[in-house]
Amino acid sequence: GAVVSQHPSRVICKSGTSVKIECRSLDFQATTMFWYRQFPKQSLMLMATSNEGSKATYEQGVEKDKFLINHASLTLSTLTVTSAHPEDSSFYICSARGDSSYNSPLHFGNGTRLTVT
Amino acid sequence: AQSVAQPEDQVNVAEGNPLTVKCTYSVSGNPYLFWYVQYPNRGLQFLLKYITGDNLVKGSYGFEAEFNKSQTSFHLKKPSALVSDSALYFCAVRDFSGNTPLVFGKGTRLSVIA
């Protein structure tokens, strides 16, 4: 089945630094990937839709200059949290559909636990 | 706008007993409905989906869900719970009519007690 690999699984960084999270589709091509953020005991919040070869589409309230998304190839999307602050500490999860069909389930990476000190 | 409600934050079930995790939804058109499971510090795993057809959908690990259009519900069920089923379960919905984002419920934590 479709596998999505996300790296790193955990990262601790100092306030003011930037962190890059990678999301790879291992056995399929993903023209679209989705980045979610999950707060403790809360649901997943869609941050942005990452489109291969074009700019990401950000959800309302998500700062595009803070959460930089690059989708340079059909198998790789990256999320960079710039100038991280403690309030950015969260669980970030990427996902992709196995094919272009709208009713296909999403396949998720294992997530990245970001802690900003 | 689409929305999903999972009315229970926590469901406790004894091992071997049947389990139900509730989900109701709201969409403007026909829904695509999904259930996902999340284990600690992991991403979500797909369990099952309803697109069209039979109202009873069977999925992974012995789970099933029943689509009820009149009640706008898509409850997740399993006849006999296992301790290993203990996890966080998310219901999700998308409107059938277009490429709208998948909207997730807030999740229900299932705890199966031996």
Side-chain angles (χ1 to χ4, degrees), chain A residues 1-11 21 23-26 31-51 56-62 90-115, chain B residues 1-10 21 23 25 27 29-53 57 59-60 63 65 67 74 87-109 111:
Chain A
V3 177
V4 174
S5 174
Q6 189 173 339
H7 178 81
S9 58
R10 292 177 180 269
V11 58
I21 302 169
C23 180
R24 294 180 184 273
S25 57
L26 295 187
T31 56
T32 303
M33 290 186 175
F34 304 90
W35 286 95
Y36 289 86
R37 182 173 178 177
Q38 186 177 25
F39 295 95
K41 297 184 179 181
Q42 293 191 31
S43 186
L44 283 77
M45 180 192 77
L46 179 65
M47 298 175 65
T49 301
S50 171
N51 304 299
T57 304
Y58 289 82
E59 296 300 303
Q60 190 173 7
V62 178
S90 193
F91 193 58
Y92 294 87
I93 312 176
C94 71
S95 67
R97 289 197 199 96
D99 58 45
S100 60
S101 173
Y102 295 159
N103 63 17
S104 293
L106 292 177
H107 301 279
F108 287 82
N110 281 341
T112 297
R113 172 78 57 195
L114 171 63
T115 303
Chain B
Q2 302 152 184
S3 66
V4 176
Q6 291 181 246
E8 303 153 316
D9 290 337
Q10 174 94 31
V21 182
C23 171
Y25 66 90
V27 296
N30 291 320
Y32 289 144
L33 291 157
F34 302 81
W35 274 102
Y36 289 86
V37 59
Q38 185 180 30
Y39 297 99
N41 291 312
R42 300 288 298 275
L44 278 67
Q45 297 178 31
F46 168 72
L47 279 180
L48 51 80
K49 68 177 180 179
Y50 172 82
I51 303 301
T52 186
V57 179
S60 305
F63 283 93
F67 171 64
F74 191 56
L88 189 58
Y89 290 82
F90 289 95
C91 181
V93 67
R94 181 191 297 124
D95 191 316
F96 186 93
S97 62
N99 190 18
T100 53
L102 196 60
V103 174
F104 286 85
K106 63 181 175 63
T108 298
R109 185 162 299 283
S111 189

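Each chain gets a letter, A, B and so on, in the order the sequences are listed, and its residues count up from 1. Because the structure is a prediction, the values reported are computed rather than measured.
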In terms of heavy-atom proximity below 4.5 Å to chain A, should [X] be classed as side chain, backbone, both, or neither?
X: B:Tyr39; answer: neither
X: B:Phe104; answer: both
X: B:Leu88; answer: side chain

Please check this pair: side chain of A:Ser43 against backbone of B:Gly105, looking for a donor-acceptor N/O pair closer than 3.5 Å.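 Here the side-chain-to-backbone pair exists.
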
Between the main-chain N or O of A:Phe108 and the side-chain N or O of B:Tyr36, is there a donor-acceptor pair closer than 3.5 Å?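 No, B:Tyr36 side chain to A:Phe108 backbone: no donor-acceptor pair under 3.5 Å.
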
With A:Tyr92, which residues qualify under ring pair (Phe, Tyr, Trp, His ring centres under 6.0 Å), at least two apart?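 Per chain and number, A:Tyr92 pairs via ring pair (Phe, Tyr, Trp, His ring centres under 6.0 Å) with no residue.
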
As a test of understanding, state which of A:Leu44, A:Asn110, A:Leu106 forms a side chain to side chain contact (heavy atoms under 4.5 Å, CB included) with B:Leu44.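 In the set A:Leu44, A:Asn110, A:Leu106, the residue that makes a side chain to side chain contact (heavy atoms under 4.5 Å, CB included) with B:Leu44 is A:Leu44.
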
Check whether A:Gln6 gets within reach of chain B through its side chain, its backbone, both or neither, counting any heavy atom under 4.5 Å.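 No part of A:Gln6 comes within 4.5 Å of chain B.
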
How about B:Gln38 and A:Phe91: do any of their side-chain heavy atoms sit closer than 4.5 Å?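 B:Gln38 reaches A:Phe91 side chain to side chain.
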
Return the set of residues passing side-chain contact (heavy atoms from CB on, under 4.5 Å) with B:Thr108 (not counting sequence neighbours), or none when no residue passes.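 Applying side-chain contact (heavy atoms from CB on, under 4.5 Å) to B:Thr108 gives B:Gln6, B:Glu8, B:Val11, B:Val21.
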
